[in-house]
Amino acid sequence: MNLIISPVILYLLSAFLIALIWKENEKLAGFASLSFSILSMISVILLGRFVFLNERIIYFVGGWEVPIGITLMVDSLSYIFLFTLNSMLPLICWFSITYMKKYTNPGLFYIVFSLISAGMNGILISMDFFNIYVFLEIASIASYILVAFGLRTEEIEASLKYTILGFIGSTLIIIGIGLILGKTGTLNIADFTYIAENLRKHQLWFILGLFIAGFSLKTALFPFHFWLPDAHSLAPSPVSALLSGLFIKVTGLYPLFRIITNIFVMFPESKIILIGLGLASMIFGSFMAIDQIDIKRMYAYSSISQIGYCALSLGIGGYWGYLGAILHFIFHSLSKSLLFLNIGAIEYKYNTTKIEELKGLEDKLPYVVTTGSIGMLSISGIPPFGCFWSKIVIIISAIKKHYYGIAFICVIISTITLGYFLRLKRNIFYSKDDESKTVEISYNLLMPMVILSIFILLSGLVFTPNIKIYLDKAVYIMENFTYAKIMEK
């Protein structure tokens with residue numbers, strides 16, 4: 001099996017085998033899903049050696065080369081997304097083994113979990129517009145099911161709203177893909193980028209606008225965010241961790257990375273749009289999070305704000321801007337996944353995520369409180385936790401481009417974020433309760449949070465020379481690579 005396609009094949013195989021053999025056996029289904037997640041992670045780790053020894057790895061499925069066959073590609077940029085995704089999926093799956101016992105038919109959950117994982121991996125390795133769309137729809141349809149998994153009225157309503165808006169985003173994207181095929185006769189990204197130099201600017205602008213709108217909806221940038229607060233707050237907590245930590249970045253942010261920096265490079269003005277969307281998302285999400293009474297809903301609005309940092313940094317561009325966008329993707333993925341798993345563990349014990357119904361958790365769940373505090377401080381940009389480093393880099397990028405007002409806004413939004421998380425910590429962790437007896441928590445719930453916390457605590461190591469060199473390679477791709485260069489060789 002070629003290592004490039006192995007994560008997709010392994011997750012599809014997992015879905016097939018669980019549906020065929022283990023669906024009715026909850027323990028075997030969970031163990032099988034976790035096992036395939038670990039195998040996928042191992043395959044991606046092995047793939048990294050080949051990626052960083054070479055400029056990029058290109059695989060022609062069936063031996064059919066550009067522009068006829070299906071082409072897969074992994075370079076330093078896509079590998080960072082692949083590695084982050086496949087390192088965190090086993091942890092979310094591990095947490096789910098205990099958490100999903102509260103739902104009927106957990107076997108179905110593991111099937112859909114495998115499908116959404118396969119779809120996200122497929123997006124990251126595809127070098128063909130239509131295949132990206134196919135994998136995007138596999139992941140999206142699976143996410144609609146997962147949001148409604150509890151089958152409560154409000155969950156079904158949230159999933160329905162999410163499905164409708166997701167369909168609108170997908171429609172915008174497929175219209176753009178159809179226009180590409182009609183104007184160029186190809187769907188291969190490298191072939192299109194090479195031919196696009198001869199197309200009229202207004203035609204390319206229209207296609208680019210469709211893509212920015214469609215993928216901004218997928219990543220929930222303001223004002224395309226309407227589906228996210230309900231979907232992420234009402235879904236099962238492992239699903240919320242998957243959606244906020246990984247899904248919105250892989251299905252929306254990563255394609256924007258490629259579109260802005262590697263495909264439509266002839267329109268640097270498009271970055272101004274991302275700066276505007278990023279700033280609006282940061283401000284809107286942070287102010288909406290302040291007054292939420294449901295913790296998961298607060299985390300959902302926080303995700304809108306934090307994804308704004310990534311869009312803003314991508315729009316600022318340059319070495320520091322691109323580095324900040326990559327770092328914030330990594331550290332926010334770790335921190336927000338940790339926070340949703342954390343509130344999931346609390347919900348598993350107390351059957352609520354309402355702030356006023358949770359008191360004195362520091363005495364009852366000390367380990368959960370510790371990991372939750374790490375996640376909150378990281379998201380808030382407190383040193384030495386993960387998001388501190390990414391936010392510092394983003395602020396530096398704004399200052400270097402003379403966007404002093406934007407740098408100031410970044411500081412203010414980070415301060416607001418710290419404020420509502422400190423209020424949350426005070427209300428649910430440190431407030432006193434009549435019953436302060438320590439509560440036991442399952443090993444399967446605790447260990448994924450501990451591992452994520454360790455990753456966040458060690459996040460400063462990305463600036464060590466042996467690791468930063470890989471980040472610099474990804475930034476170099478965003479600054480200098482265009483898919484047209486593949487056709488010129």
Side-chain angles (χ1 to χ4, degrees), residues 14 18 22 25-42 45 84-111 113-114 117 146 149-150 235-242 244-246 295-296 299 333-353 358 360-378 385-386 428-429 435-459:
S14 171
I18 293 173
W22 301 306
N25 191 317
E26 176 184 324
K27 290 184 178 179
L28 281 179
F31 178 77
S33 181
L34 179 59
S35 299
F36 278 101
S37 295
I38 293 172
L39 287 174
S40 179
M41 179 183 68
I42 293 171
I45 292 172
T84 304
L85 172 67
N86 287 281
S87 296
M88 293 175 61
L89 285 174
L91 297 176
I92 296 173
C93 185
W94 187 4
F95 184 93
S96 302
I97 289 175
T98 294
Y99 182 90
M100 294 309 296
K101 289 178 180 179
K102 62 188 291 187
Y103 293 90
T104 57
N105 201 358
L108 177 60
F109 168 82
Y110 296 114
I111 295 170
F113 176 85
S114 298
S117 302
L146 289 174
F149 197 81
S237 289
V239 176
S240 302
L242 179 65
S244 276
L246 298 169
I295 300 172
K296 290 180 70 176
Y299 291 169
S333 297
L334 293 170
S335 303
K336 190 51 64 69
S337 295
L338 171 59
L339 285 178
F340 272 113
L341 295 184
N342 187 262
I343 189 59
I346 295 171
E347 180 191 17
Y348 188 79
K349 284 295 181 182
Y350 296 103
N351 295 312
T352 184
T353 58
L358 294 169
L361 296 185
E362 182 185 29
D363 297 323
K364 300 174 184 177
L365 297 169
Y367 298 114
V368 173
V369 167
T370 300
T371 57
S373 297
I374 290 173
M376 292 179 189
L377 293 173
S378 176
F385 303 104
I428 69 169
F429 289 170
E435 298 181 7
S436 58
K437 184 179 178 181
T438 301
V439 178
E440 292 186 3
I441 185 168
S442 168
Y443 181 85
N444 290 334
L445 297 177
L446 180 61
M447 286 311 299
M449 294 188 289
V450 171
I451 293 172
L452 286 171
S453 298
I454 292 171
F455 286 162
I456 293 170
L457 289 170
L458 297 178
S459 56

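For clarity, every value in this text was computed on a predicted model and none was experimentally measured.
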Exercise: identify the closest heavy-atom pair between [X] and [Y]:
X	Y	answer
Val368	Met449	CG2-CE, 4.1 Å
Ile97	Tyr110	CA-OH, 3.2 Å
Ser14	Ser114	OG-OG, 2.9 Å
Tyr299	Lys336	O-NZ, 3.2 Å
Met100	Pro236	SD-CB, 4.2 Å
Ser40	Asn86	OG-OD1, 2.9 Å

Tell me, do [X] and [Y] make a side-chain contact under 4.5 Å, heavy atoms counted?
X	Y	value
Leu89	Leu242	yes
Ile451	Leu91	yes
Asn444	Phe95	no
Ser453	Leu338	yes
Leu365	Tyr350	yes
Phe113	Cys93	yes
Ile18	Ser33	yes
Thr370	Val450	no

Distance from [X] atom [atom1] to [Y] atom [atom2], nearest 0.5 Å?
X	Y	atom1	atom2	result
Lys364	Ile346	NZ	CD1	10.5 Å
Ser337	Met88	OG	CE	3.0 Å
Asn342	Thr371	CG	OG1	4.5 Å
Ser96	Tyr103	OG	OH	10.5 Å
Ser442	Tyr348	OG	OH	7.0 Å
Leu34	Trp94	CG	CH2	8.0 Å

Counting neighbours of [atom1] on [X] that are heavy atoms of other residues, nucleotides or ligands and sit closer than 6.0 Å, is the number greater than 12?
X	atom1	answer
Phe31	CZ	no
Lys102	NZ	yes
Tyr443	OH	no

Is the backbone of [Y] close enough, under 3.5 Å, to the side chain of [X] for a donor and an acceptor to pair up by distance?
X	Y	value
Lys296	Ala235	yes
Ser37	Pro90	no
Ser378	Gly375	no

| query | Where do Leu334 and Thr84 land on the side-chain contact (heavy atoms from CB on, under 4.5 Å) test, with the steps shown first? | reply | CA-CA 9 Å; Leu334 293 170; Thr84 304; 5.7 Å; no

| request: Using the six-membered ring wherever Trp is involved, compare the ring planes of Phe109 and Phe149 and label them parallel, tilted or perpendicular (cut-offs 30° and 60°). | output: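 It falls in the perpendicular class, over 60°.
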
| said: Checking Glu347 against Thr352 for the side chain to side chain donor-acceptor pair (under 3.5 Å) test, could you report, in this order, the C-alpha distance in whole Å, the side-chain angles of both residues, the deciding distance, and whether it holds? | reply: CA-CA 5 Å; Glu347 180 191 17; Thr352 184; over 6 Å; no

| said: The test is side-chain contact (heavy atoms from CB on, under 4.5 Å); show your working for Ile441 and Tyr367 and say whether it passes. | reply: CA-CA 9 Å; Ile441 185 168; Tyr367 298 114; 5.5 Å; no

| task | Give the C-alpha distance, both sets of side-chain angles, the deciding distance and a yes or no for side-chain contact (heavy atoms from CB on, under 4.5 Å) between Ser237 and Leu341. | result | CA-CA 6 Å; Ser237 289; Leu341 295 184; 5.8 Å; no

